[in-house]
Amino acid sequence: MYQHIRTPAEGEKIRVNEDFSLSVPDNPVIPFIEGDGIGVDITPVMKKVVDAAVSRAYGGKHKISWMEIYAGEKSNQVYGENVWLPDETLEAAREYVVSIKGPLTTPVGGGIRSINVALRQQLDLYVCLRPVRYFQGVPSPLKNPEKTDMVIFRENSEDIYAGIEWEAGSEDAKKVINFLMNDMGVTKIRFPQTSGIGIKPVSSEGTERLVRKAIQYAIDNKRRSVTLVHKGNIMKFTEGAFKNWGYALAAREFGAIPLDGGPWMKLPEDKGGIVIKDVIADAFLQQILLRPEEYDVIATLNLNGDYVSDALAAQVGGIGIAPGANLSDSIAIFEATHGTAPKYAGKDQVNPGSLVLSAEMMLRHIGWSEAADLMVRAMERTIQDSVVTYDFARQMSDAQKVSCSAFGEALISRMT
Ligand SMILES: NC(=O)C1=CN([C@@H]2O[C@H](COP(=O)(O)OP(=O)(O)OC[C@H]3O[C@@H](n4cnc5c(N)ncnc54)[C@H](OP(=O)(O)O)[C@@H]3O)[C@@H](O)[C@H]2O)C=CC1
Ligand SMILES: O=C(O)CCC(=O)C(=O)O
Ligand SMILES: [Mg+2]
């Protein structure tokens, strides 16, 4: 029994089988978090579009029973002040296996730590999967945006996102700095009296489980390459180790052998002959603009993945249309790449495309690919008809600018 979560009168739980496949009932209960800021705009639109796609695809045989669960500002309203991530929200995400969420606010500097990051860490959703593809007609700063077709596997559980840091001037920061200088012989802290300190844990286990998923995805989806993106020339034992552990895993578990003497590798032909390569993160950020066609599946650390996600999203039209998923071996929470865009909150203006496409990934994840296909086709048709929200309209000369909710209706009317 939950305290504030109301379980729907109808519907059953999705279950995880021993081999991690899913048993999906015809009428699954799917928890959703509305989200802060523009969550009130995009989440209802997403639900409506999904319901329409499922109804059109299966004519009443399948139906989602939505169940609201709480986090962020709404959780403060429902559970009381300073309850940002109630235990029962985590419990429901675990119990119901597949959920979807709107964005949640994180203050900069002081205040609470990220609830988004906490959700990922507490449920050990170690893969942040963010596909980046171009939809014909979307305005882009690139001449050939269709050449950007990548799938990001961002490590989601460690790196400096672990939140191990101490504020400059605090007793704890002094303690850590003294330990580093006195016990560890560290002489390179330039301003020890006024430094804040952050710790960046990166493990072989964390790296290997992420890279394993990326390589398996590349094999299953017949992709050409997996690129390990790192800054290992500077952070040798964290980002450099990520690269080394990634290559070692490719050789050990997938039979990769060095290509032209290495360090690049190639999987055997029966595993698609996929190339495993690496690139230093700063060089990567210029090459994705100049030669995006050279990159395919990307495996990278948490912070790099955050930067790369928004940069790649921009190449194909921006974060208004950038979907994603947070995955463990069993649990999945789908969410857009963008945040709460507070200046647009409640104005029915923003692009619901990112959350709609995150839901499309969710439907595919539960095996409802006919409904997912309808959503993708509707997105393609709507954009080709130049019916778009403000973010695209401001870059197009001939667009019909519509609201967030009207864009949802436009999608639904093109689901044939
Ligand atoms: N997973 C999550 O829940 C995430 C949460 N956040 C949090 O969100 C808050 C705001 O972060 P901020 O850095 O402003 O980043 P946001 O992603 O929220 O917004 C930045 C800009 O991106 C554009 N944008 C974002 N979403 C949309 C959309 N749906 N349609 C069209 N344009 C969109 C807008 O651009 P323009 O102004 O040009 O119109 C907006 O001002 C912070 O508290 C942050 O921590 C951030 C990222 C992810
Ligand atoms: O948690 C946050 O506030 C930001 C998260 C973020 O930027 C992301 O997941 O891409
Ligand atoms: Mg981000």
Side-chain angles (χ1 to χ4, degrees), residues 32-46 71-75 84-85 99-122 125-130 132 138-139 141 152-157 159-163 300-314 316-327 333-359 379 383 388-395 399 401-408:
F32 71 96
I33 294 170
E34 181 181 75
D36 300 332
I38 55 169
V40 294
D41 303 290
I42 59 177
T43 301
V45 171
M46 175 278 294
E73 287 154 15
K74 199 160 180 184
S75 153
W84 299 96
L85 183 56
S99 321
I100 186 160
K101 69 176 275 292
L104 298 166
T105 305
T106 313
V108 178
I112 53 155
R113 287 195 176 275
S114 168
I115 305 157
N116 306 302
V117 172
L119 259 173
R120 297 167 193 166
Q121 287 173 345
Q122 295 196 35
L125 305 171
Y126 63 90
V127 174
C128 181
L129 173 63
R130 291 177 166 170
V132 183
V138 169
I152 302 164
F153 279 73
R154 166 189 178 191
E155 203 291 320
N156 225 5
S157 67
D159 197 358
I160 46 179
Y161 277 66
T300 192
L301 301 99
N302 209 334
L303 181 62
N304 296 338
D306 196 4
Y307 294 159
V308 163
S309 299
D310 282 33
L312 282 176
V316 293
I319 47 182
I321 195 167
N326 301 291
L327 307 168
I333 300 186
F334 293 80
E335 71 172 331
T337 293
H338 63 69
T340 59
K343 68 184 174 194
Y344 296 109
K347 293 188 176 162
D348 192 18
Q349 239 178 301
V350 292
N351 193 340
S354 301
L355 195 61
V356 167
L357 290 173
S358 303
M379 188 67 79
I383 294 168
V388 292
T389 44
Y390 85 91
D391 50 326
F392 290 174
R394 69 186 167 188
Q395 302 175 68
K401 183 170 108 176
V402 296
S403 66
C404 177
S405 53
F407 186 77

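Nothing here was measured: the structure is a model prediction, and the numbers come from that model. Each ligand, and each atom within it, is numbered from 1 in the order the structure gives.
- Of the heavy atoms in Gln349, none comes closer than 4.0 Å to ligand 1.
- For atom 43 (O) of ligand 1, the nearest non-hydrogen atom from the set Thr106, Ile321, Val108 belongs to Thr106.
- When heavy-atom distances to ligand 1 are checked against a 4.0 Å cut-off, Thr340 comes that close through both its backbone and its side chain.
- Remark: the Ser405 side chain and the Asp348 side chain contain an N/O donor-acceptor pair separated by less than 3.5 Å.
- Counting heavy atoms closer than 4.0 Å to ligand 1, residue Ile319 contributes side-chain atoms (C-beta onward) but none from N, CA, C or O.
- Within the 4.0 Å heavy-atom criterion, the part of Arg130 lying near ligand 2 is the side chain and not the backbone.
- Numbered from 1 in the order shown, with element, the atoms of ligand 2 that lie under 4.0 Å from a heavy atom of Asn116 read 1 (O), 2 (C), 3 (O).
- Not a single protein heavy atom sits closer than 4.0 Å to atom 12 (P) of ligand 1.
- The proximity of Asp391 to ligand 1, defined as any non-hydrogen pair under 4.0 Å, is limited to the side chain.
- If you check which protein heavy atom lies closest to atom 9 (O) of ligand 2, you get Arg120 NH2, 2.7 Å.
- Using a 4.0 angstrom heavy-atom cutoff, Ile42 does not count as in contact with ligand 1.
- At the shortest separation from atom 1 (O) of ligand 2 among protein heavy atoms lies Ser114 OG, 2.5 Å.
- Judged by the shortest distance from any of its heavy atoms, Arg154 lies inside the 4.0 Å radius around the atoms of ligand 2.
- With 2.8 Å as the limit, Asp306 counts as an N, O or S neighbour of the Mg ion (ligand 3).
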